[in-house]
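One structure below.
The first residue of the sequence shown is numbered 1, and numbering continues consecutively from there. Because the structure is predicted, anything quoted here is derived from the model rather than measured. All ligand and atom numbering here is 1-based and tracks the order in the structure.
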Amino acid sequence: MKFKVAGKSEIPVGKVKVFELEGERIALCNVRGAFYAIEDICTHDGGALDQGELIGDIIECPRHGAQFRVTDGGVIKMPAVVPLRTFPLFIEGDDIYVEV
Ligand code: FES
């Protein structure tokens with residue numbers, strides 16, 4: 001199902017906004033004007049990724065420093081080894097929709 005979660009103007013470049021949808025914690029990331037939706041829970045030990053730093057398309061967990069690519073959830077740096085889940089995202093005008 002597709003849900004409207006934010007307006008593009010609410011999330012500046014390089015910022016992350018977290019929200020809950022259907023019981024999932026999802027982080028919406030603005031990478032140089034392109035938006036991506038990832039699960040907000042680090043696969044290493046549950047760190048809240050929105051509290052970490054988004055550098056380009058890489059997000060760093062604030063707990064032990066694991067890094068993930070927000071474009072596809074891939075692991076860039078240990079200690080995490082399992083990729084993040086990502087969610088389909090659609091833009092219509094200024095509105096961002098995420099499908100869960
Ligand atoms: S909980 Fe994220 S690196 Fe450990």
Are Glu24 and Arg85 ion-paired here, with the side-chain N under 4.0 Å from a carboxylate O? yes
So, Arg63 and Asp45, do they make that salt bridge, N to O below 4.0 Å? yes
Return yes if some donor-acceptor pair links the side-chain N/O of Asn30 with the main-chain N/O of Ile11 below 3.5 Å, else return no. yes
cation_pi(Lys2, Tyr97) dist<6.0 Å, angle<=45: yes
Cys61 N/O/S atom closer than 2.8 Å to atom 2 (Fe) of ligand 1: yes
Using the rule that two of Ile, Leu, Val, Met, Phe, Trp, Tyr join whenever any of their side-chain heavy atoms come within less than 4.5 Å, decide whether Ile41 and Val70 are in one cluster.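 No: no chain of side-chain contacts under 4.5 Å links Ile41 to Val70.
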How does Ala66 reach ligand 1, by side chain, by backbone, by both or by neither, if only non-hydrogen atoms under 4.0 Å count?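 The answer is both.
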Heavy-atom contacts under 4.0 Å between His64 and ligand 1: side chain, backbone, both, or neither?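 Both backbone and side chain.
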Heavy atom of the protein closest to atom 1 (S) of ligand 1 (residue, atom name, distance):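 Checked against all protein heavy atoms, atom 1 (S) of ligand 1 sits closest to Asp45 N, 3.3 Å.
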Looking at His44, pick out the N, O or S atom nearest to atom 4 (Fe) of ligand 1 and give its name. ND1
